[in-house]
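Taking it in order: structure first as structure tokens, then the write-up.
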There are 2 protein chains.
Amino acid sequence: MNKKKQQTEQTKKKIADAARALFAQKGYKATSIEDIVKATGCSAGNIYYHFKNKEGLFLYLLEEWNTEWDKTWLDKETLYPTTIDKLYGMAEHLALDQLNHPLTKAADEFFNNSEKAPDVEERIHEMVQGYLDFNRQLLQRGIDNHEFETTNVTGLAIILDSLMLGLNQHSRRMEREEALEAYRLAMDVFLHGIAKSTRTR
Amino acid sequence: MNKKKQQTEQTKKKIADAARALFAQKGYKATSIEDIVKATGCSAGNIYYHFKNKEGLFLYLLEEWNTEWDKTWLDKETLYPTTIDKLYGMAEHLALDQLNHPLTKAADEFFNNSEKAPDVEERIHEMVQGYLDFNRQLLQRGIDNHEFETTNVTGLAIILDSLMLGLNQHSRRMEREEALEAYRLAMDVFLHGIAKSTRTR
DNA sequence: TATAACACTGAACTTTTATTCAGTATTATA
DNA sequence: TATAATACTGAATAAAAGTTCAGTGTTATA
């Protein structure tokens, strides 16, 4: 391989890794370019050589995180036979992901920060739609399998995402087991809430 | 009344009103003291005469908002006979509150921003606990009335808050009716999820 | 080997913003 | 009326932080 491309790849990864750790630890706004300079040992100019700007760097990390999540989920998904199992599995997956990659806090800060360029706003909107689509498809499959019945799939997809979004915030103040239990309970309530008939797990 | 106290009260209100509107519109970080100076016509020094600092000003608005919420809720609560009705009422109340006072967005930003003084962090933690206690008490009353049964009241209080927290974020992209419908559906799912038996509304 | 493309430096620039404080005007107090 | 307390001004401070760019060394290309 080209030595230059190799170098670029390596540097880009070094910056991304350091930035990810810092954003997770300190938050988006509180992490300065200077912090990343210190952590990587490379210059400020170099960071701007590889990434458009701070927003671009963070967005890059988010996209990377999404594709990583999708990949690991695809591996796990096949292990769950029914949609109900899949939903419990997803809740657990989300809980653990949140515990292992606390980038979510910075992501929330970033999503809720109003000083964003229009194209970034657009990209975020697409991401949210992606999450909702994911939920919608999962629920639809459950309906097709007659695991539960509901007319308002879109509405429920939002409910489900809301639940995960809110839990995500609360779970930051929890221990591992406590968080997992909360996610499980949430899924109990949700599934029982949309169940065809009374169900005990 | 003392003319000085009257003056102080008036000025403090003027600043609070302007700040509330600006925070709601632009977000916490994006609203500068300079913005408030322009909006009120009084000097920067005057703002710092009446409030400890920017954090203190925002915290003041949050406290004011909470007490206001409690007050209007107490008025409404008596109208609902059962706990289930109360929960639907609360969901509606939250939906409308969110639509009328979009300070929630700035509040999220503030809550998720890591650059907070320790005492502010503490105060926020107390607020969150207050919300959870509120939910817990409401649910407990429902159990006492045999409207639903559950062992894990604390867990469900968190689930309920998570749901409202997440919906709050989603409802920002919704119209009034759409938001109300989403909150109602969420409560359907939640209540059905913790119901004693299968229920149709 | 000469030239171009690339990876990188790091200091300087620019802008923004929270906060302070010496001083002024107004009102209460004795 | 004299003094103290209070309400307020607004310019100065001070620090932070994102971004740029002229220039340097390194690698690819012809």
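Chain A is the first sequence line, chain B the second, and so forth, proteins listed ahead of strands; every chain is numbered from 1.
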message = So, using salt bridge (charged side-chain N to carboxylate O under 4.0 Å, His left out) as the criterion, who are the partners of A:Asp119 when residues are at least two apart?
response = none
query = Taking OP1 and OP2 of D:dA7, is either one under 4.0 Å from a side-chain nitrogen or oxygen of B:Asn46?
reply = no
ask   = Would B:Ser32 and B:Asp35 count as having a side-chain donor-acceptor pair, cut-off 3.5 Å?
value = yes
query = Considering only heavy atoms from C-beta outward, does the side chain of B:Glu147 approach that of B:Arg141 to under 4.5 Å?
reply = no
note = In whole angstroms, the gap separating P of D:dG18 from NZ of A:Lys29 amounts to 8 Å
ask   = From C:dA5, D:dG18, C:dT9, pick the nucleotide closest to the side chain of A:Ser43?
value = C:dT9
task = Can you establish whether the number of heavy atoms outside B:Glu175 located under 6.0 Å from its atom CD is more than 12?
result = no
query = Closest heavy-atom contact between B:Ser43 and B:Val37?
reply = C-CG2, 4.0 Å
inquiry  = Between P on D:dA15 and CD on A:Glu34, what's the gap in Å once rounded to a whole number?
reply    = 16 Å
task = Using whole Å, report how far NZ of A:Lys38 lies from P of C:dG10.
result = 15 Å
message = Within residues 48-60 of chain A, which residues have any heavy atom lying less than 4.0 Å from an atom of DNA chain C?
response = A:Tyr49, A:His50
Candidates C:dC8, C:dT20, C:dT9 - which lies nearest the side chain of B:Ala44 = C:dT20
request  = Would you please confirm or rule out a distance under 4.0 Å between OP1 or OP2 of D:dA28 and any side-chain N or O of A:Asn2?
outcome  = yes
query = CD of A:Glu9 versus P of C:dA7: gap in Å, rounded?
reply = 11 Å
key: Salt-bridge present (A:Asp188, A:Arg184; N to O < 4.0 Å)   = no
task = Using atom NZ of B:Lys3 as one end and atom P of C:dA25 as the other, report the distance to the nearest whole Å.
result = 17 Å
Minimum-distance nucleotide to A:Gln7 side chain [options: C:dC8, D:dA7, D:dC8] = C:dC8
key: Atom-pair distance (CD on A:Gln6; C1' on C:dC6), nearest Å   = 15 Å
query = When only distance counts, do a donor and an acceptor, one from the side chain of B:Lys4 and one from the base of D:dT6, lie under 3.5 Å apart?
reply = yes
query = Charged N to carboxylate O under 4.0 angstrom, B:Lys12 versus B:Glu9?
reply = no
task = Using whole Å, report how far NZ of B:Lys5 lies from C1' of C:dA28.
result = 12 Å
key: Of the listed nucleotides C:dA28, C:dA7, C:dA11, the one nearest the side chain of A:Thr8   = C:dA7
query = When all nucleic acid strands are considered with a 4.0 Å heavy-atom cut-off, which category describes B:Thr31: base, sugar-phosphate, or nothing?
reply = sugar-phosphate
Separation of C:dT9 P from A:Ile47 CD1 (nearest whole Å) = 9 Å
